[in-house]
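Taking it in order: structure first as structure tokens, then the write-up.
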Amino acid sequence: MEVKHLTDDQIQEYLSGSPLNKDYLETHINQCPKCMETLSMYKQMFLSFSEVPQPIIDFDMEVIMQQISREQVNTISEYLAKPVFAGIGAFVLMLLFVFIFINKYSANTQSAVTTTIIFVGISVGILLLIDLVNQYKRKYTEIFGKQLQQNI
Amino acid sequence: MEDKLLVNQILGGNKNAFMQVIADNQKLVMQIVYRLISDEENRKDLVQEIFIKVYAGLPKFSFQSKLSTWIGSIAYNHSVHFLEKKKHISFSELTDTGEDEESEPLGYNHLSQSTPEDILSKKLVGDVLNREMETLPKLSQTLLVLYHIEDKSYEEIALITNLPMGTVKSYLFRARKQLKKQLLSKYTKEELWK
């Protein structure tokens, strides 16, 4: 009677994990010298992978660190530039706001409402600017404070 | 150190933490680049570019895989992209044996002049295995080292190579079978593993 041997895939599956039909494979291997021999060959091969030499690529760590420092500076500049642009924008808007109202009502006697609007506009603008300056300071300390700590 | 802690330190500007990441993962990156890229100078440039890319991509890392798996996938994709760009190589070519004239087996040159007897007498079974591996397609070599040397699971390899897990398994089965066939065509089992 012709013996049906296990395939290489089945033997590998048995060796490298938890095959679904583990009991069947095990029984067969224990009774079949040929499959046992194949299993032993794969086993040796699996073990020998640990003896394959590790390739060495002589890369330059300095190049990497220099490049990431450059990227860090760029990121910081972009990060800090945002509140600056927002601040300039708020200031320009505030000036425009004041200019429009003064221009429109300068011919008439300034009504209480106009004065109030101008006053509120200027106050809001100043508050916005103060807040932006504070944000800027906070971010600056956050970034450079950490770097300073590391340098120390 | 835990991935999250390490990444947060790097994002906070700690360069030493990034150097730690390089130290922890350079072996994996070198294995992938070495198996996929033949030219020594290109290998060097690519490893550097990969770590720079890792640094630039860290703010977007979502911790859905291990940090090393994510770095492995960057190394794999960057190397494949390089091959596609430089040589217009397709995925099918990556799975071919295609011997490359530029191929420089770094560190294994001492074997080129040796006869099988010489090699075996020196009991360099790892070198023999490596030499046979180098005749396999680049993708098969990469999968073999990821599984057997870098101890990655099928799932992790699938994430690194962006291949379905079933495909990874079947490529690995085929690669091992081929390797076994090649070894037995040149040596007896006793010669290899006395």
Side-chain angles (χ1 to χ4, degrees), chain A residues 6-19 36-76 78-79 139 141-152, chain B residues 10 12-19 22-23 26-27 29-31 33-35 37 40 43-52 54-56 59 105-108 123-130 133 144-145 147-149 153-154 169-170 172-174 176-177 179-181 183-184 189 192-193:
Chain A
L6 297 180
T7 63
D8 277 59
D9 285 8
Q10 283 176 308
I11 292 175
Q12 286 186 41
E13 183 81 63
Y14 174 76
L15 201 57
S16 61
S18 41
M36 179 74 91
E37 177 67 17
T38 312
L39 176 73
S40 153
M41 174 76 195
Y42 275 117
K43 223 181 230 176
Q44 294 285 7
M45 198 168 88
F46 276 33
L47 288 171
S48 299
F49 277 107
S50 63
E51 290 172 47
V52 170
Q54 163 72 33
I56 294 162
I57 301 173
D58 194 19
F59 69 95
D60 195 339
M61 182 75 106
E62 260 314 291
V63 172
I64 300 174
M65 297 320 281
Q66 275 171 9
Q67 183 63 33
I68 68 164
S69 296
R70 226 170 289 149
E71 283 199 15
Q72 208 171 30
V73 169
N74 288 343
T75 320
I76 291 168
E78 282 167 22
Y79 192 53
K139 285 180 180 177
T141 323
E142 196 181 299
I143 295 164
F144 290 106
K146 273 180 188 164
Q147 283 187 347
L148 196 68
Q149 274 176 357
Q150 281 164 32
N151 291 339
I152 293 165
Chain B
I10 298 167
N14 186 340
K15 283 183 189 171
N16 288 335
F18 188 63
M19 284 172 89
I22 296 178
Q26 60 178 352
K27 207 171 137 265
V29 171
M30 284 198 277
Q31 285 283 18
V33 172
Y34 180 83
R35 296 293 161 185
I37 309 295
E40 196 181 335
R43 282 173 179 157
K44 193 177 136 183
D45 291 343
L46 278 172
V47 171
Q48 286 162 190
E49 287 166 20
I50 287 162
F51 281 117
I52 291 164
V54 165
Y55 182 83
L106 186 76
Y108 310 119
K123 294 183 181 172
L124 297 173
V125 71
D127 288 330
V128 174
L129 193 58
N130 185 63
M133 261 170 73
L144 283 171
V145 295
Y147 187 87
H148 290 286
I149 301 176
S153 66
Y154 290 128
K169 270 188 176 185
S170 90
L172 269 172
F173 284 169
R174 209 186 305 166
R176 291 186 199 115
K177 193 175 169 183
L179 207 51
K180 186 193 86 171
K181 192 177 153 194
L183 286 170
L184 289 180
K189 195 180 162 227
L192 286 166
W193 296 290

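First the proteins, then the strands, lettered A, B, ... as listed; each starts at 1.
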Please look at A:Ser40 and chain B and tell me whether the side chain, the backbone, both or neither of the residue comes under 4.5 angstrom of a heavy atom of that chain. both
What distance separates B:Ile52 CD1 from A:Arg70 CZ, expressed to the nearest 0.5 Å? 8.5 Å
B:Gln26, part contacting chain A, at a heavy-atom distance under 4.5 Å: side chain
A:Glu62 side, atom CD; B:Gln48 side, atom CD - distance, nearest 0.5 Å: 11.0 Å
Please classify the contact of B:Leu183 with chain A as side chain, backbone, both or neither, using a heavy-atom distance under 4.5 Å. side chain
When the 4.5 angstrom heavy-atom criterion is applied to B:Lys169 and chain A, the contacting part is side chain
First locate atom CZ of B:Phe18, then atom CD1 of A:Ile64, and finally report the distance between them rounded to the nearest 0.5 Å. 6.5 Å
Rounded distance (nearest 0.5 Å) linking atom CD of A:Glu13 with atom CZ of B:Phe173: 4.0 Å
What distance separates A:Asp58 CG from B:Arg43 CZ, expressed to the nearest 0.5 Å? 12.5 Å
Sequence neighbours excluded, which residues qualify as salt bridge (Lys or Arg N to Asp or Glu O under 4.0 Å) partners of B:Asp45? none
Heavy-atom closest pair, residues A:Gln12 and B:Leu172: OE1-O, 3.9 Å
Do we see a donor-acceptor contact under 3.5 Å between the side chains of B:Lys15 and A:Ser69? yes
Run B:Ile22 and A:Phe59 through side-chain contact (heavy atoms from CB on, under 4.5 Å) and show every step you take. CA-CA 11 Å; B:Ile22 296 178; A:Phe59 69 95; 4.1 Å; yes
With a 4.5 angstrom heavy-atom cut-off, could you sort out which part of A:Asp9 is near chain B: side chain, backbone, both or neither? both
Distance-minimising heavy-atom pair for A:Pro55 and B:Met30: O-SD, 4.0 Å
Give the intermediate values and the outcome of side-chain contact (heavy atoms from CB on, under 4.5 Å) for residues B:Phe51 and A:Gln67. CA-CA 10 Å; B:Phe51 281 117; A:Gln67 183 63 33; over 6 Å; no
Quick one: CD1 on A:Ile11 to NZ on B:Lys180, what's the gap to the nearest 0.5 Å? 7.0 Å
What class does the angle between the rings of B:His148 and A:Phe49 fall in, given that below 30° is parallel, 30 to 60° is tilted and above 60° is perpendicular? parallel
Honestly, the part of A:Ser48 sitting under 4.5 Å from a heavy atom of chain B is both
Identify the heavy atoms of A:Pro53 and B:Asn130 that sit nearest to each other, and give their distance. CD-CB, 4.2 Å
Indicate the atoms forming the closest heavy-atom contact of B:Tyr154 with A:Ser16, along with that distance. OH-OG, 3.3 Å
Apply salt bridge (Lys or Arg N to Asp or Glu O under 4.0 Å) to B:Lys177 and list each qualifying residue two or more places apart in sequence or on a separate chain. none
Counting N and O atoms only, with roles assigned by atom type, does the side chain of A:Glu51 sit under 3.5 Å from a partner on the main chain of B:Val125, one being a donor and the other an acceptor? no
